[in-house]
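Below is one structure, written out as structure tokens, with a few remarks after it.
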2 protein chains.
Amino acid sequence: MTSSNPVTSPIDPGAGAASERIAAQLRTAILAGEIAPGERIRQEDVAERLGTSRLPVREALRILEAEGLTEHTANKGARVPRLDAAELDVLYRMRERLEPLALIQSMPHLTAGEIRELESIHERIAADADLREFMVLDRAFHLGSYAGCASEQLSSSVTRLWNATQPYRRAFMSLGGQHRRWIVDHEHRLILDAIERRDPEDAERYLAGHIRRTRIELAAHPELFGATAARRT
Amino acid sequence: MTSSNPVTSPIDPGAGAASERIAAQLRTAILAGEIAPGERIRQEDVAERLGTSRLPVREALRILEAEGLTEHTANKGARVPRLDAAELDVLYRMRERLEPLALIQSMPHLTAGEIRELESIHERIAADADLREFMVLDRAFHLGSYAGCASEQLSSSVTRLWNATQPYRRAFMSLGGQHRRWIVDHEHRLILDAIERRDPEDAERYLAGHIRRTRIELAAHPELFGATAARRT
DNA sequence: GGGGTTGTTATTGGATCCAATCACTGCCAG
DNA sequence: CTGGCAGTGATTGGATCCAATAACAACCCC
């Protein structure tokens, strides 16, 4: 209680509407893997933990549903979707087609500063070895390269795809050793070079290849499904 | 009032949860063009007209937002998104890449009965001249051809694209004469033949061409934007 | 002893009331 | 006459209470 009390929450983190702050909190938790696929999210738990009523939680869950982070069934509540191998395969094929389009649309409008930022992220990925940090930087690199894409629809679609696949991408990257990271790093380098040369064809080719390779490797690891989270039905 | 009273609503159309019935009502209205792009949707109006409280309306609007039919801003409410020429162009490029994928995924699983149904829809499109009916049948034809697609994510993405572009597709089809309809009819024939031959390459080619041609023609009609609906900012 | 059934409990869905925010109009000063 | 400002009305956002549904468990009858 007292979430609306300005005294008890003087810092006011997130500032904006309450339902969106809750959505942001849950989004971070899900993307960080703190809530596993298949795990149920009870409205009252969240409401109590964040010191608010259940109502904005309901709205937050609907917002997250729109972003592909939760799924909702009537009278049964929300849960983080669990994917099977076939669904993940299709999601990667969607990425393979949509993200090159996003990059093509974005590239002409990327500023020099934004490209420098990509370069910085790329260097930090190579330097830092922590998986959690890698997940954040990898996402920042790709989505950052689409920053110049003016289309709201395309941006949100791509984000949805990243959201939905995130848990499995993490499980996949946690499998192998450094080897896997080197390959990713090399492919990012190729994409970044093409961006700096302002060469859309090459950028599209390398990006599509990057995603396609990952999809094929994922298909070789059926143990990712069911192993990620096993909390009943 | 009395929406939950089983006596006053014995037929119980839609059966399911109330917020989803409301969403269905609004969805139909928007797709039918009864609510124009840019037009605002006030919660209380809808609540009153459907004899319910504002709360399920809020949820319904969030559901529709997830489907790309409305957009929502804090403290300002929901409205049907209005697109500019650039955004529509990108949406069609997205369709051009995603829908062939959906068709490829769907084709192997289409039953003979489903293909007969597509044939039936195709004939009805050719026979019937009414624009409203055409919009329904055209949508049924395309989305029906993706019925075998098992991926929930891909299906909903494609549906979102159809939702977002629907008002402009209607405005476009209302422009020309029979000429435009003949071309669409012919292209549908090519796609359907490829489906019946179970030829994924041809199907993908014809479908992509169908969408691409429409995109290019749309680009030649800048008068579609702003003409569709003009209810202030 | 097993299967169907019924009662109980936990959880979500909906209605009403209250608070906060935003847009708009009219006013006043420059 | 025009720009800024304050007050007011309209509209959305949130909290609390109540109803409905579904999972679960104990029970009874066969």
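Keep in mind that this is a model prediction, so the values were computed, not measured. Any value given below was found using the heavy atoms of this structure, including those in side chains, with hydrogens, waters and symmetry copies removed.
- The side chain of Ser53(A) lies closest to dT16(D), out of dG13(D), dT16(D), dT12(C).
- Between the CD atom of Gln43(A) and the C1' atom of dA10(C) there is a distance of 13 Å, given to the nearest Å.
- What separates CD of Glu44(B) from P of dC17(C) is a distance of 13 Å, to the nearest Å.
- The existence of a salt bridge linking Asp89(B) and Arg93(B) is confirmed by a sub-4.0 Å separation between a basic side-chain nitrogen and an acidic carboxylate oxygen.
- Atom CD1 in Ile22(A) sits about 10 Å away from atom C1' in dG14(D), given to the nearest Å.
- Protein atom CZ of Arg42(B) is 21 Å distant from nucleotide atom P of dT21(C), rounded to whole Å.
- Because its NZ or CZ atom is both nearer than 6.0 Å to the ring centre of Phe172(A) and within 45° of the ring axis, Arg180(A) counts as a cation-pi partner of that residue.
- For Arg54(B), the listed nucleotide lying nearest its side chain is dG13(D); candidates were dG14(C), dA15(D), dG13(D).
- Within the structure, a side-chain polar atom (N or O) of Thr52(A) is placed less than 4.0 Å from OP1 or OP2 of dA15(D).
- Per the geometry, CD belonging to Glu48(A) stands 14 Å off P belonging to dA15(D), to the nearest Å.
- Taking atom CD1 of Ile41(B) as the reference point, atom P of dT11(D) lies 14 Å away to the nearest angstrom.
- Looking at which nucleotide of DNA chain D each of Ser19(A) and Asn75(A) is closest to, the 5′-most match is held by Ser19(A).
- Between Arg169(B) and Glu217(B), none of the side-chain N atoms (NZ, or NE/NH1/NH2) sits under 4.0 Å from a carboxylate O, so this pair counts as no salt bridge.
- Using modelled atom types and a 3.5 Å distance limit, the side chains of Thr70(B) and Glu65(B) yield no donor-acceptor pair.
- Near DNA chain D, meaning a heavy atom under 4.0 Å from it, residues 55-66 of chain A has Leu55(A), Pro56(A) in order of number.
- If you take CD of Glu20(A) and P of dT21(C), they are 14 Å apart, rounded to a whole angstrom.
- Relative orientation of the His188(B) and His210(B) rings is perpendicular, given thresholds of 30° and 60° on the angle between their planes.
- A salt bridge is absent between Arg62(A) and Glu67(B); no separation between the charged side-chain nitrogens and carboxylate oxygens falls under 4.0 Å.
- Between the CZ atom of Arg79(B) and the C1' atom of dA23(C) there is a distance of 12 Å, given to the nearest Å.
- Using a cutoff of 4.0 Å between basic side-chain nitrogens and carboxylate oxygens, Glu96(B) and Arg215(B) are scored as salt-bridged.
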